[in-house]
Amino acid sequence: MFCVYDLHSHSTASDGTLSPHALVLRAANAGVQVLALTDHDTTAGIEEALSAAKQCGLKLISGVEISVTWNKQTVHIVGLNVDPHNQALQEGLCELREFRDWRARAMADRLEKAGIAGAYQGALAHSNGVLISRTHFARFLVEQGVVSDERKVFKHYLVNGKPGHVAGKWASLEQAVDWIHGAGGQAVVAHPARYRMTRSKLRRLFRDFIEQGGDAIEVISGSHSRDDYFSMAKHAQDLGLKASAGSDFHSPENPWVELGRLPMLPDNCKPLWADWEVSFENPSTRRTG
Ligand code: AMP
Ligand code: MN
Ligand code: MN
Ligand code: MN
């Protein structure tokens, strides 16, 4: 028997469209047995997700996806099995959310100069009021009919050099790994193939991450290609990093990414979860789900 893991997902606590409860139910229906809720820079959805998971017999891993600035570039570090009550973690996440609010106002000012009014309130209305993300701006601009879909909003308004872009000033790699470890968790580089780094730059990121004590990289991700699975598996093997797997599910409206619909980890990988105690029958590391 194998066990279906999905160790990266989002709810309405950050930029997902399902409540933590609905997300857990959808995961259970999709056959996921171990799900991590990893909202951006907040653990606000964990309590609701844990109680939903209890109801449907799914194991919920308390997680978070921390925004990091490394070498002037934004990268994401997932923390798994973190204690959501850890004070240093919560203080760090709180600062990131404060930066998000400042950035959102600065983005709205810039968009206003580009002829789009009311973007701060508009984006806020798409959020849960606690955490504001570029995704909420994207949804507002689509709703306003400015652009036809979210991807195009990013491309034309929200990335470097475009009218609504404001550079991120996130946590350092060291802070993110320390907060995660301080809260008893494991640190994972999220979707490494998505950063469009050269091979040597990616290796530098991994080496810095190892120096800080990082644990694993996502080999399988909803945003990785088949080729990416194998190249990331090779990096992990070469560097002695463990491998993780997660869909990065945000919304049922994106048909390309579904909870638990992930291939097996390549054979040369050491699964991050190999020594986790998962309290249901006969979990195996043969399959990621
Ligand atoms: P933020 O952390 O607020 O800067 O927003 C980053 C989030 O925006 C990511 O987690 C994705 O969910 C989403 N995102 C980033 N790039 C794109 C894109 N090109 N198309 C659609 N969504 C994107
Ligand atoms: Mn997101
Ligand atoms: Mn991410
Ligand atoms: Mn994510």
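For ligands, and for the atoms within them, numbers begin at 1 and follow the listed sequence.
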**Q** Counting no waters, what protein N/O/S atoms lie under 2.8 Å from the Mn ion (ligand 3)?
**A** E65 OE2, H76 ND1, H191 NE2

**Q** Is the closest basic N to carboxylate O distance between K155 and D149 below 4.0 Å?
**A**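 No, this pair does not count.
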
**Q** Taking just the N, O or S atoms of D15, which one is nearest to the Mn ion (ligand 2)?
**A**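 Of the nitrogen, oxygen and sulfur atoms in D15, the Mn ion (ligand 2) lies nearest to OD2.
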
**Q** With the threshold set at 4.0 Å, does a side-chain nitrogen-carboxylate oxygen contact exist between K113 and D109?
**A**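 Looking at K113 and D109, the cut-off is not met.
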
**Q** Report the C-alpha separation of F249 and H10 in whole Å, then their side-chain angles, then the decisive distance to 0.1 Å, and conclude whether the ring-ring contact (aromatic ring centres under 6.0 Å, His included) test is met.
**A** CA-CA 6 Å; F249 178 89; H10 296 271; 9.3 Å; no

**Q** Does this structure show an ion pair linking R261 with D6, if we count only N-O contacts that are shorter than 4.0 Å?
**A**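 Here R261 does not pair with D6 in a salt bridge, since their nearest N and O are not under 4.0 Å apart.
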
**Q** If I consider every N, O or S atom in H250, which one ends up closest to the Mn ion (ligand 2)? I only need its name.
**A**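 Relative to the Mn ion (ligand 2), the closest nitrogen, oxygen or sulfur of H250 carries the name NE2.
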
**Q** The criterion is side-chain contact (heavy atoms from CB on, under 4.5 Å); which residues satisfy it with V75, sequence neighbours excluded?
**A**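 Residues passing side-chain contact (heavy atoms from CB on, under 4.5 Å) with V75: V68, W70, Y195, M197, L205.
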
**Q** Give the cluster check for L58 versus L25: same hydrophobic cluster or not, with ILVMFWY residues linked at side-chain heavy-atom distances below 4.5 Å.
**A** no

**Q** Please work out which of the three classes, parallel, tilted or perpendicular, describes the rings of H250 and H40, given edges at 30° and 60°.
**A** tilted

